[in-house]
Amino acid sequence: MLRFAVVGIDHGHTFDHVKGLLAAGGEFVGYCPQTSVPALREAFEKTYPDAPQIDREKLFDDPSIEVICISAIPRDRAGLAIRAMRSGKDVMTDKPGVTTFAQLEEVRRTVAETGKIFSICFSERHCVRSAVKAGKLVAEGAIGKVIQTLGVGPHRLQLPTRPDWFFDPEAFGGIIVDIASHQVDQFLFYTGSTTGEVIASSIGNFGMPDKPAFEDFGEVLLRSDKAAGYVRVDWFTPEALPTWGDGRLTILGTEGYIELRKYIDIAGRPGKDHLFLVNGKEMTHIDCSGEKLDYFDAFTADVGNRTQTAMTQDHVFEVCRLSLEAQAKAARIGAR
């Protein structure tokens with residue numbers, strides 16, 4: 001049984017990590033209560049009342065703990081991951097796993113020296129059942145050869161719940177690093193690309209003149225030797241939408257296309273995880289709500305077998321590299 005602990009509960013994705021590893025048969029040893037978002041700690045205490053609160057150094061030093069899950073402030077995640085790996089533990093971190101090129105290189109070096117796993121749980125693929133189903137359909141050849149992905153990741157601001165670091169690009173890495181890493185991951189995965197290049201990128205602040213450093217819009221144009229990709233992320237989800245964002249993904253193939261309406265089908269079918277498939281044989285809607293999330297089982301097996309079935313280490317590093325590059329070269333548009 002895999003024994004895991006949590007260090008850093010500054011983002012709600014920490015719940016996905018714990019839920020997923022528990023479902024995969026893991027044992028939740030405990031968590032460090034240190035956080036910049038007290039409401040998250042309170043929710044954690046209510047959700048897992050039997051999980052002990054333990055000082056993070058004790059968690060790092062406990063040889064029986066195999067995995068550390070990290071959802072700390074983004075700028076702190078790489079440092080905590082390095083500390084965990086040098087303590088003999090594998091890591092599952094929230095995105096972004098790194099916020100600078102220097103952090104990426106240090107993580108690379110640590111993985112090479114320790115042989116430990118540095119995995120980023122890209123929740124918009126790993127924790128979305130329609131995204132899992134899409135991967136299977138692509139692998140089966142349902143839409144032929146994938147030639148382009150178009151991914152959008154709109155989010156709701158929910159200003160009253162945001163800590164100060166949320167508005168500091170040095171803390172969250174910038175909107176492309178912070179959010180668009182999801183879509184970069186999906187581009188590489190669905191197109192079967194091992195590497196890619198950033199053709200163009202933009203960032204902007206259109207709605208928050210009182211927070212001039214903040215970025216509420218970002219876009220990226222990607223290319224590989226196999227396909228093309230476009231990404232748009234933003235913080236403009238309207239209040240009337242009954243979920244945090246209308247995340248969508250369109251996968252274009254030579255023989256059809258797939259569209260995911262991950263979290264809501266606006267003015268359509270209830271629930272989430274809607275997949276639409278159109279090819280030469282059918283035009284259909286697939287309810288993916290019963291699809292199994294296999295990332296956590298695969299990660300657990302990788303920890304025991306020292307394999308890379310959940311996601312290769314090279315893939316993780318390439319997503320980080322492309323996201324950082326797109327952020328660094330982005331043209332600033334809108335309010336200045």
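By convention here, the first residue in the shown sequence is residue 1.
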Test ring pair (Phe, Tyr, Trp, His ring centres under 6.0 Å) applied to W165 and F172, step by step: CA-CA 7 Å; W165 61 260; F172 67 82; 7.7 Å; no

Stepwise salt bridge (charged side-chain N to carboxylate O under 4.0 Å, His left out) test for E170 and R75: CA-CA 7 Å; E170 291 189 5; R75 67 182 169 208; 6.0 Å; no

Going through the distances and angles, do H126 and D16 end up as a side-chain hydrogen bond (donor to acceptor under 3.5 Å, both in side chains)? CA-CA 10 Å; H126 294 141; D16 292 327; over 6 Å; no

Carefully, step by step, assess Y295 and S119 under the rule side-chain hydrogen bond (donor to acceptor under 3.5 Å, both in side chains). CA-CA 11 Å; Y295 165 75; S119 185; 2.7 Å; yes

Check the pair E255, K145 against salt bridge (charged side-chain N to carboxylate O under 4.0 Å, His left out), reporting the backbone distance first and the verdict last. CA-CA 7 Å; E255 299 175 22; K145 179 183 178 181; over 6 Å; no

Apply salt bridge (charged side-chain N to carboxylate O under 4.0 Å, His left out) to the pair D90 and R306, showing each step before the final yes or no. CA-CA 10 Å; D90 294 314; R306 310 318 296 168; 2.7 Å; yes

Test side chain to side chain contact (heavy atoms under 4.5 Å, CB included) on F4 and I65; report intermediate values, then the result. CA-CA 6 Å; F4 70 95; I65 296 174; 5.5 Å; no

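Remark: side-chain polar atoms of K116 are paired, donor with acceptor, to backbone N or O of G88 under 3.5 angstrom. A donor-acceptor pair under 3.5 Å is absent between the side-chain atoms of T312 and the main chain of Q308, judged by distance alone. Distance alone, capped at 3.5 Å, is enough to place a donor-acceptor pair between the S224 side chain and the A227 backbone. H11 places no side-chain N or O within 3.5 Å of a backbone atom of I9 that could act as its donor or acceptor partner. A donor-acceptor pair is defined here as one N or O able to donate and one able to accept, closer than 3.5 Å; such a pair exists between the side chain of T100 and the backbone of Q103. Although no hydrogens or angles enter the test, the distance criterion places no donor-acceptor pair under 3.5 Å between the side chain of N305 and the main chain of T307. A donor-acceptor pair under 3.5 Å links the side-chain atoms of N205 to the main chain of K211, judged by distance alone. Counting only distance, with no hydrogens or angles, the side chain of K329 and the backbone of V198 share a donor-acceptor pair below 3.5 Å. The backbone N or O of P238 sits less than 3.5 Å from a side-chain atom of R156, completing a donor-acceptor pair.
No side-chain heavy atom of T309 sits less than 4.5 Å from a side-chain heavy atom of F299. Side-chain contact between F44 and P33 is absent, with no heavy atoms from C-beta onward closer than 4.5 Å. Within the 4.5 Å cutoff, no side-chain heavy atoms of Q327 are placed close to those of S201. Side-chain contact between Y48 and F15: present, with at least one pair of heavy atoms (C-beta onward) separated by less than 4.5 Å. Using a 4.5 Å heavy-atom cutoff, the side chains of P96 and S323 are not in contact. You'll find the side chain of Q183 reaches within 4.5 Å of the side chain of E124, heavy atoms only. At least one side-chain heavy atom of Q313 sits less than 4.5 Å from a side-chain heavy atom of V111. By the 4.5 Å heavy-atom criterion applied to side chains, R129 and L293 are counted as neighbours.
A salt bridge links R3 and E27; the closest N-O separation between the charged side-chain nitrogens and carboxylate oxygens is under 4.0 Å. Between E291 and K136 a salt bridge is recorded (basic side-chain N to carboxylate O distance below 4.0 Å). Ion pairing between a basic and an acidic side chain is recognised when a charged N comes within 4.0 Å of a carboxylate O; R321 and D314 show no such pairing. Between E66 and K89 no salt bridge is recorded (no basic side-chain N to carboxylate O distance below 4.0 Å). Between D246 and R261 there is no salt bridge, since none of the side-chain N atoms of the basic residue sits less than 4.0 Å from a carboxylate O of the acidic one.
Remark: R162 qualifies as a cation-pi partner of F166 under the 6.0 Å distance and 45° angle criteria applied to the six-membered ring. Relative to the ring axis of F122, K95 does not place its NZ or CZ within 45° and under 6.0 Å from the centre.
The two atoms that bring L59 and Y31 nearest to each other are CD1-C, 4.0 Å, heavy atoms only. Residues L260 and A131 come closest through the heavy atom pair CD1-CA, 3.7 Å. Contact between G135 and Y190 at its shortest, heavy atoms only, is N-CE2, 3.6 Å. Smallest separation of non-hydrogen atoms from L249 and K262: CB-CE, 4.3 Å. Contact between Y257 and I143 at its shortest, heavy atoms only, is N-CG2, 3.5 Å. Between R125 and V132 the shortest heavy-atom distance is O-CG2, 3.8 Å.
Taking CD from Q186 and CG from L222, the interatomic distance works out to 11.5 Å, rounded to the nearest 0.5 Å.
Residue-environment remark: CZ (R223) stays at or below the threshold of 12 foreign heavy atoms within 6.0 Å. For NZ of K58, the number of neighbouring non-hydrogen atoms (other residues, nucleotides, ligands) closer than 6.0 Å is 12 at most. For E45, the CD atom is densely surrounded, since the number of other residues' heavy atoms within 6.0 Å is greater than 12.
The closest side-chain donor-acceptor pair between D273 and S289, if any, does not fall under 3.5 angstrom. Side-chain contact check for S71 and H13: no donor-acceptor pair (N or O, by modelled atom type) lies under 3.5 Å. A donor-acceptor contact closer than 3.5 angstrom links the side chains of E219 and S202.
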